[in-house]
Every structure is written in structure tokens, then in C-alpha cells.
There are 2 protein chains.
Amino acid sequence: MATVKLELGDKMLDLVARRFRLLGDATRLRILQCLEPGEQSVGEITLRLSGNQPNISKHLQALYDAGLLSRRRDGNSIFYSIADTTIFELCDLVCHSATKSVRTNYSELIGRARKRR
Amino acid sequence: MATVKLELGDKMLDLVARRFRLLGDATRLRILQCLEPGEQSVGEITLRLSGNQPNISKHLQALYDAGLLSRRRDGNSIFYSIADTTIFELCDLVCHSATKSVRTNYSELIGRARKRR
DNA sequence: GACGTATTACACCATATGGGAATATAGTTG
DNA sequence: CAACTATATTCCCATATGGTGTAATACGTC
């Protein structure tokens with residue numbers, strides 16, 4: 001029952017794929033992770049992730065466009081915050097699923113080379 | 001609630017990003033959608049998605065390597081099936097979040113327009 | 001106006017996707 | 001064994017997408 005209909009139209013399928021791709025970048029995940037405790041300005045995020053401002057800004061824009069973040073201006077700083085907390089549920093699910101069933105390429109990333117098969 | 005540990009190591013972060021990217025492709029989502037009712041052979045999947053066989057096979061291999069699919073040989077056909085049903089929960093979450101964010105974006109666009117101009 | 005902050009524009013590079021074709025492997029059948 | 005089928009694998013290529021950095025531009029404050 002909880003297993004849900006993937007009977008989606010092609011446009012919806014593309015939408016979902018695009019959103020997954022949006023989350024499929026380590027920098028953006030780090031940004032979300034950085035924002036999880038509370039709102040942060042672009043400068044603060046840039047410092048914490050030790051990236052350059054335009055790059056961080058671009059990722060923030062992408063996340064904002066997708067509706068995952070909201071922003072607020074205070075002075076000449078802009079503070080971003082999480083707008084859609086389901087991303088954490090998503091990450092949680094993926095973490096469990098990923099650590100549970102991992103084969104070839106992934107195992108060496110984690111460092112546990114289990115020989116199966 | 002469900003505030004989840006996103007305090008992950010960089011390796012884990014890459015792993016999660018990689019898995020999101022794996023799901024961030026329309027063809028692979030279509031494959032999963034195709035397998036949702038039950039196992040299918042490579043040939044059947046290839047026909048239903050009207051793709052070429054090496055391409056479908058490649059995607060199937062990727063999904064298999066990630067542990068999302070399992071496979072079984074019967075005669076000289078190989079039947080793939082869903083091994084990790086959490087992907088459907090994931091898709092469900094993303095669907096809801098995506099459709100919701102459309103509204104959010106819309107209203108924020110209106111708000112921004114009012115505020116600025 | 002100058003300064004600080006954030007976004008946009010542009011070019012560069014890496015990745016990955018799809019296609020095609022050819023080949024390899026495994027199982028079946030004659 | 002040989003021929004056939006289904007799948008996997010590999011290589012090459014063309015291309016698209018996306019991430020990153022540098023420079024330029026907008027926005028807001030003083």
C-alpha cells in the first residue's frame with residue numbers, strides 16, 4: 001500500500017529525475033547539511049564549505065528554484081533556510097538503503113571491501 | 001521531527017549523492033516503473049521502453065550494482081526485479097515535495113513581485 | 001560616491017548519456 | 001559439436017549536461 005504508483009507521466013518523470021539530480025551533488029548536500037540547524041547567510045555558508053561565493057550562490061539559487069530553500073534579506077546579506085524538510089527524510093532513506101545494499105563500486109568508497117557474489 | 005543526521009562524512013556524502021544521481025535519470029526511473037509490478041526480462045523491458053538492448057542492459061547493470069535490483073536467470077533470459085523497495089518511498093516523497101514546491105515557488109514569485117515592483 | 005555582499009555572465013573542463021557496432025558469455029536446441 | 005537466442009560487455013564517438021572559476025554586474029548600506 002505504501003508502495004506507490006510510479007505510474008507517472010513523462011513530464012512528471014522528468015520532474016522527479018531532475019529533483020533527484022538536484023540532490024545528486026555533494027556540494028549541494030553539504031549546503032543543505034549546513035542549513036539544517038538554521039538559516040545562514042551566503043557568506044557564512046561560503047566560509048563553512050570553503051568554496052567560492054559565485055559557486056555557492058549558484059547552488060543556492062538552484063535549490064531555491066526547486067523550492068527546497070527560502071531566503072530573506074537582512075541588510076545586504078541574504079539568509080537562506082530550509083523550506084522543504086522532506087529532503088532530510090529523503091537523505092535518511094537513502095543513507096539506510098545505501099549502507100544496507102552496496103556492491104562493487106560503492107564498497108570501495110565506504111572502505112568495506114566485501115567480496116560477494 | 002525526523003530531524004536526521006546529515007552529519008555525514010565526505011565519503012558518505014558522496015555515496016548519497018551518487019545514489020541520488022543514479023535515480024536522477026528518466027530512463028532508469030522508467031525501468032524501475034516498469035519493474036514495479038513484478039520481474040521482467042531484459043528483452044521485455046527493452047521492448048516496453050523501446051530502447052536498444054545494450055543501453056537498457058547498461059542501466060540495469062548500474063541499478064543492480066547499486067543494490068536496487070536483483071536478477072535471476074531462467075533459461076537464457078535474465079529477469080530483473082526490485083530488490084530495494086525504498087526507492088518507491090523515495091519517489092513518493094519526491095513527487096509530493098515536487099508538486100508542493102510548485103505552489104511554493106508560485107506564491108513566492110508573487111510575493112517577490114509585489115515586494116519589488 | 002565607495003564599500004560589502006550577492007548574483008549573473010561567460011568560458012572551461014569533467015562527466016555521462018545514447019547510439020552503433022562488434023564481440024563475449026551463457027543457455028538452449030538440433 | 002554446431003547453430004541459435006538472449007544478455008552482457010566493450011569500444012568509439014558525438015553530444016549534452018553540469019560543476020567550477022574568473023570577471024563583470026547588480027543590490028543595499030554607509
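Note that the structure is predicted; figures quoted are calculated from it, not measured. First the proteins, then the strands, lettered A, B, ... as listed; each starts at 1.
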Worksheet item: With respect to the phosphate group of C:dT7, does any side-chain polar atom (N or O) of A:R71 fall under 4.0 Å of OP1 or OP2?
Response: yes
Worksheet item: For C:dG18, does OP1 or OP2 lie under 4.0 Å from any side-chain N or O of B:T27?
Response: yes
Worksheet item: B:R30 versus B:H59: any side-chain heavy-atom pair under 4.5 Å?
Response: no
Practice prompt. Ignoring backbone atoms, test whether B:Y80 places a side-chain nitrogen or oxygen under 4.0 Å from the OP1 or OP2 oxygen of D:dA8.
Written response: yes
Item to complete: Round to the nearest Å and state the distance from B:I31 atom CD1 to D:dT7 atom C1'.
Response: 14 Å
Worksheet item: Judged by modelled atom types alone, do A:R72 and A:S81 share a side-chain donor-acceptor pair under 3.5 Å?
Response: no
Worksheet item: Atom CD of A:E44 to atom C1' of C:dG4: distance rounded to whole Å?
Response: 15 Å
Item to complete: In whole angstrom, give the distance that lies between atom CD1 of A:I45 and atom P of C:dT5.
Response: 14 Å
Practice prompt. Report yes if some heavy atom in the side chain of A:R28 is under 4.5 Å from a heavy atom in the side chain of A:L23; otherwise report no.
Written response: no
Practice prompt. Could you tell me whether A:R18 contacts a base, only the sugar-phosphate backbone, or nothing, with contacts defined as non-hydrogen atoms closer than 4.0 Å?
Written response: nothing
Discussion item. Could you go through A:R48 and A:Q33, starting from their C-alpha distance and side-chain angles, then the distance that decides it, and tell me whether this counts as side-chain hydrogen bond (donor to acceptor under 3.5 Å, both in side chains)?
Written reply: CA-CA 11 Å; A:R48 272 203 197 176; A:Q33 175 177 353; over 6 Å; no
Worksheet entry | Protein proximity profile, nucleotides 19-30 of chain C - base contact B, sugar-phosphate-only contact S, no contact -, cut-off 4.0 Å on heavy atoms | S-B----SBS--
Fill in: side-chain N/O A:S41 vs C:dT5 OP1/OP2, d < 4.0 Å
no
Worksheet item: Hey, is the side chain of A:S57 poking within less than 4.0 Å of OP1 or OP2 on C:dA6, counting only N and O atoms?
Response: no
Worksheet item: Atom CD in B:Q53, atom CD1 in B:I45: separation rounded to 0.5 Å?
Response: 11.0 Å
Fill in: Atom pair distance, as rounded to whole Å: CG in A:L60 and C1' in C:dT5
13 Å
Fill in: Closest to the B:H59 side chain, choosing from C:dA16, C:dG18, D:dA6
C:dG18
Worksheet entry | Whole-Å distance separating the CZ atom of A:R72 from the C1' atom of D:dG28 | 15 Å
Item to complete: Answer whether the closest heavy-atom distance between the side chains of A:F20 and B:D25 falls below 4.5 Å.
Response: no
Practice prompt. Send over the distance from A:Y64 OH to C:dA6 C1', rounded to a whole Å.
Written response: 14 Å
Practice prompt. Could you state the atom-to-atom distance from CZ of B:F20 to C1' of D:dG18 in whole Å?
Written response: 18 Å
Worksheet item: Within the distance-only criterion (no hydrogens, no angle test), does the side chain of B:T86 pair as donor or acceptor with the backbone N or O of B:E89 below 3.5 angstrom?
Response: no
Worksheet item: How long is the line joining CG of A:D65 and P of C:dT8, in whole Å?
Response: 9 Å
Practice prompt. Please determine, for the side chain of B:Q61, which listed nucleotide (D:dT7, D:dT9, C:dT8) has the closest atom?
Written response: D:dT9
